[in-house]
Amino acid sequence: MNFKEYPKVELHLHLDCSLSFDVIKKLRPHTTLAEYKKRYVAPSKCSNLLEYISVVNNSVALMQDKESLRLVTQDLVDQLADENVIYAEIRFAPLLHIEKGLTPEEVVETVNDALDSAAKKAGIEAGLILCTLRQYTRDQSMTTIKLVESTIGKSRVIGFDIAADEAGFPLDNHIEAFEYAADKGIPCTAHAGEAKGPESVWDTLKNLKPQRIGHGVRSIEDADLVRHLSKEKIHLEVCVTSNLYTNMYESYEQHPVDKLYRAGVSLSINTDGRGVNETDLTNEYQKLTESFSWDDLRFLICNLEAIKHAFIPDQKKRELREKLLAYPAYNKLAELEDVARRISV
Ligand SMILES: [Zn+2]
């Protein structure tokens, strides 16, 4: 089956993990394909999340001025449009891009403007999630949430996230920023249950109260947690290939995505990064089909769940649903009406 033409939704996608060879050549013209693979693509089995992050840092180093931020953003939108992603939430940490003198505000404005024009040109919908990072101070986290607050509603910025080294740093510095977000009604997601187990997901749910969890797949190790996620309708942004690259699982077959799905947890399929992991959603869907015999019905359900939990107004959600449901492979499903009613906006 070829999923390239299928309409798709992606909620968990890092700008700085998604640099294609094409855009690297624009930023560093003499880069060969071999160098690209060595410097900007993670080994298919990193020793851990930290080794993976060190590869991402090579991309971040290139994204320190307006022109490079523009090029990288446009390039990512081209990649999305090329495989019919109809809606994407792209995330990045603005404070990673101020090494050469840009202000955080300029970073956000540049990425926002580039995304706005590229998305309009490509005819896709897209929003921005601003990330704080685990290693950041309380002040850096507050600066980031205030950047969200000052731009949300008048730009493509739609939410807040915490990313990076889950195992190395506790949540203490970030609780205030997430409380601030809750107070202002700002939608939040948080990386957890990737480098650490279910206790980290519990900790994150209790202290940060996000509406969604980035990854969260190690929740499968705790039956109470799986029940809680399902009951409270907390959405997991699952990134299967990425979890293999960071060496969480040995093979696709060992990944818990299918078990989580069957346990009734709301989840979506995502790449995390398209360059660092050398993947796209077409490949993710293919691997799920090969490993777990996933079919059109499952992909429809995961995409409807993604739209339901997207950080956008209901009217936009309804428009995206229409696009999805009209796609011939989905439209002909006997369960279509049932599923559409069950996973409503
Ligand atoms: Zn991520």
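We count ligands from 1, going down the list as the structure has it; atoms in each ligand are counted the same way. Only a predicted model underlies this, so the values are computations on that prediction, with no experimental measurement involved.
Look at Lys37 and Glu278 and you find a salt bridge, because one of the NZ, NE, NH1 or NH2 atoms lies within 4.0 Å of a carboxylate O, short of that distance. Electrostatic pairing of Lys45 and Glu51 does not count as a salt bridge here, judged by no charged N lying under 4.0 Å from a carboxylate O.
At a cut-off of 2.8 Å, Cys239 does not coordinate the Zn ion (ligand 1) through any N, O or S atom. The Zn ion (ligand 1) has no N, O or S atom of Glu194 inside 2.8 Å of it.
For the pairing with His215, the side-chain hydrogen bond (donor to acceptor under 3.5 Å, both in side chains) check across Asn243, Asn270, Thr246 returns one residue only, Asn243.
Of the angles at the Zn ion (ligand 1), the one spanning NE2 of His12 and NE2 of His191 is 90° when given to 10°. The NE2 atom of His14, the Zn ion (ligand 1) and the OD1 atom of Asp272 define an angle of 90° (nearest 10 degrees).
For the pair Arg298 and Phe292, the cation-pi test (distance below 6.0 Å, angle within 45°) is failed.
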